Amino acid sequence: MARAEFLVGACCMFLALSNAVHGIGVNWGSITSHPVSPTIVVRMLKDNGINKVKLFDADSWTVSALAGSHMDVILGIPNDQLERMADSYKNARNWVKENVTKYLYDGGVDIRYVAVGNEPFLKSYNGSHLKTTVPALQNIQKALDEAGHGDKIKATVPNNADVYESASNKPSDAVFRSDIRGIMTAMVKFLHDNKAPFMVNIYPFLSLYLNPDFPFDFAFCDDAGKPIYDKGTQYTNVFDANYDTLVWALKKAGVPDLKIIVGEVGWPTDGDKNANVKLAKRFYDGFFKKMAANKGTPLRPGHLDVYLFGLLDEDKKSIEPGLFERHWGIFQYDGQPKFAMDFTGKGQDKMPVAAKGVQYLPAQWCLLNKNIKNLSAVGAEVSYACSLSDCSSLVYGATCNNLDSYGNISYAFNMYFQMQDQDVESCNFNSMAEIVTRNISKGSCLFPVQIVSAGERLSLALGASVLTGLISLFSLL
Ligand SMILES: *[C@@H]1O[C@H](CO)[C@@H](O)[C@H](O)[C@H]1NC(C)=O
Ligand SMILES: *[C@@H]1O[C@H](CO)[C@@H](O)[C@H](O)[C@H]1NC(C)=O
Ligand SMILES: *[C@@H]1O[C@H](CO)[C@@H](O)[C@H](O)[C@H]1NC(C)=O
Ligand SMILES: *[C@@H]1O[C@H](CO)[C@@H](O)[C@H](O)[C@H]1NC(C)=O
Ligand SMILES: *[C@@H]1O[C@H](CO)[C@@H](O)[C@H](O)[C@H]1NC(C)=O
């Protein structure tokens with residue numbers, strides 16, 4: 001007996017040492033010009049002990065790469081599909097058949113949830129998804145149930161934390177937002193009846209970004225914040241306060257025990273004065289420590305179910321919310337880690353394991369030709385380059401903000417050149433640019449070299465197989 005117990009103890013201690021904090025997952029988005037191959041990404045996740053992943057769609061290439069990985073997977077249905085799913089149960093049934101059932105073979109994909117829509121009630125959508133979200137949710141859950149997956153796979157809706165509010169800023173005054181209160185009440189009752197979780201995205205960074213008077217330390221989970229008190233409960237960070245605001249809103253809506261999943265939480269590393277590696281590290285260090293201690297929040301102590309946002313930087317994301325949008329990755333665009341962290345929360349920092357087998361384009365850059373002295377026409381060229389690539393690292397407070405004008409112009413030219421897969425013709429800019437093999441990256445300001453897009457490799461491979469097909473067809477004739 002004693003021996004068996006010891007063995008069990010040893011096994012679980014070993015697991016605890018080698019795995020990331022139990023429950024930490026990541027969001028794997030794909031709004032990027034040069035995607036890393038899904039097979040490489042899956043290996044990178046495993047190398048870092050990450051066993052849970054949330055997608056924003058059900059792209060078959062990505063989902064197939066997860067087969068046999070034993071990772072828990074959340075599939076997504078984008079907002080532009082909500083109407084289709086709401087309008088016709090048949091569409092929902094086909095979605096489940098094509099995007100869920102297909103992968104549930106032995107050794108297939110461990111699909112756990114379907115995320116219906118993504119923050120559909122954001123005010124910036126002007127109410128476009130108010131009528132369709134809950135009916136789409138209901139149709140998808142019904143289709144999952146009818147296909148026999150309902151016990152294992154639940155449908156839910158990832159909500160922005162702006163679906164609830166508190167006039168006093170105290171969690172206990174929480175209510176669902178007045179313009180959507182009826183819809184939210186219907187949603188949470190449906191989730192409760194189906195034993196499905198509520199999903200919420202919580203962004204301490206945005207609290208800071210959107211409100212210049214926000215108490216700085218309160219954005220981080222290291223207890224440095226000046227506490228706020230609410231009915232005898234003490235809050236030292238905005239994550240806990242925000243989460244418990246939701247707990248109160250659920251309580252008032254009559255579903256006090258509804259399970260909560262944090263669908264997104266994280267900190268960006270560029271594109272704003274508070275978006276940098278130092279503050280991202282501070283946020284994650286405090287957060288992982290909190291997760292490892294299973295502290296939970298004052299109203300929901302214990303384990304939290306959390307998905308970090310996000311895995312990789314995404315250079316095609318909309319910058320309407322802010323220039324930091326393209327820099328949420330814990331890894332760079334190419335799967336290189338940005339800073340040392342410890343997913344186990346034990347403070348034993350090490351660089352996360354980089355993606356293995358990523359192929360880069362040649363080590364060359366497109367820069368301003370130093371012989372060009374008359375720069376009066378360069379402004380238009382820079383605007384053009386930036387509008388079609390990504391210059392979000394040039395702004396105030398960002399990593400490349402200290403460049404001189406030669407550096408600024410060159411940065412813009414190079415980003416466009418790399419975006420265009422280093423096409424020689426894309427490095428012209430009215431004959432003011434030149435291709436060089438000199439790397440002028442300096443400090444944290446990286447002049448990137450793009451990777452060979454996995455999408456490109458796929459289409460090349462497809463092209464090749466079509467060609468082989470044609471050749472063999474000809475030889476048959
Ligand atoms: C399955 O998901 C993919 C990717 O999100 C989508 O394009 C496709 O339309 C879905 N299939 C059906 C039948 O709805
Ligand atoms: C919402 O309305 C504003 C102002 O009328 C408009 O600028 C914006 O494009 C609209 N957004 C969407 C998603 O329809
Ligand atoms: C600089 O170039 C502009 C047009 O690009 C031209 O109009 C201007 O005369 C040039 N200035 C000099 C000093 O050559
Ligand atoms: C470089 O560009 C940034 C952002 O566009 C600007 O703030 C900065 O003043 C520029 N520097 C020079 C020397 O032109
Ligand atoms: C360019 O230099 C930076 C460091 O300054 C380095 O991180 C990067 O890998 C270099 N790029 C290439 C292609 O060598």
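Every number for a ligand or one of its atoms is a count from 1 in the order of the listing. Bear in mind that the values here come from a model prediction, so they are computed numbers and not experimental data. Start at 1 with the first residue, then count along the sequence.
Between N126 and ligand 2, at least one pair of N/O atoms sits closer than 3.5 Å.
Salt bridge status for K123 with D179: absent, with no side-chain N to carboxylate O gap under 4.0 Å. For the pair D47 and R43, the salt-bridge criterion is met [side-chain N within less than 4.0 Å of a carboxylate O]. Between R326 and D313, no side-chain nitrogen of the basic residue sits less than 4.0 Å from a carboxylate oxygen of the acidic one, so the salt-bridge criterion is not met. Ion pairing of K281 with D285 is present here, as a side-chain N (NZ or NE/NH1/NH2) and a carboxylate O approach within less than 4.0 Å. Under a 4.0 Å N-O distance rule, the pair D162/R177 qualifies as a salt bridge. A salt bridge is absent between D222 and K289; no separation between the charged side-chain nitrogens and carboxylate oxygens falls under 4.0 Å. A salt bridge links K52 to D305: at least one charged side-chain nitrogen sits closer than 4.0 Å to a carboxylate oxygen.
Close approach of ligand 3 to A377 (heavy-atom distance below 4.0 Å) involves ligand atoms 5 (O).
For the pair S124 and ligand 2, a heavy-atom separation below 4.0 Å is found.
Using a 4.0 Å heavy-atom criterion, the residues that approach ligand 5 are W365, N439, S441, V449.
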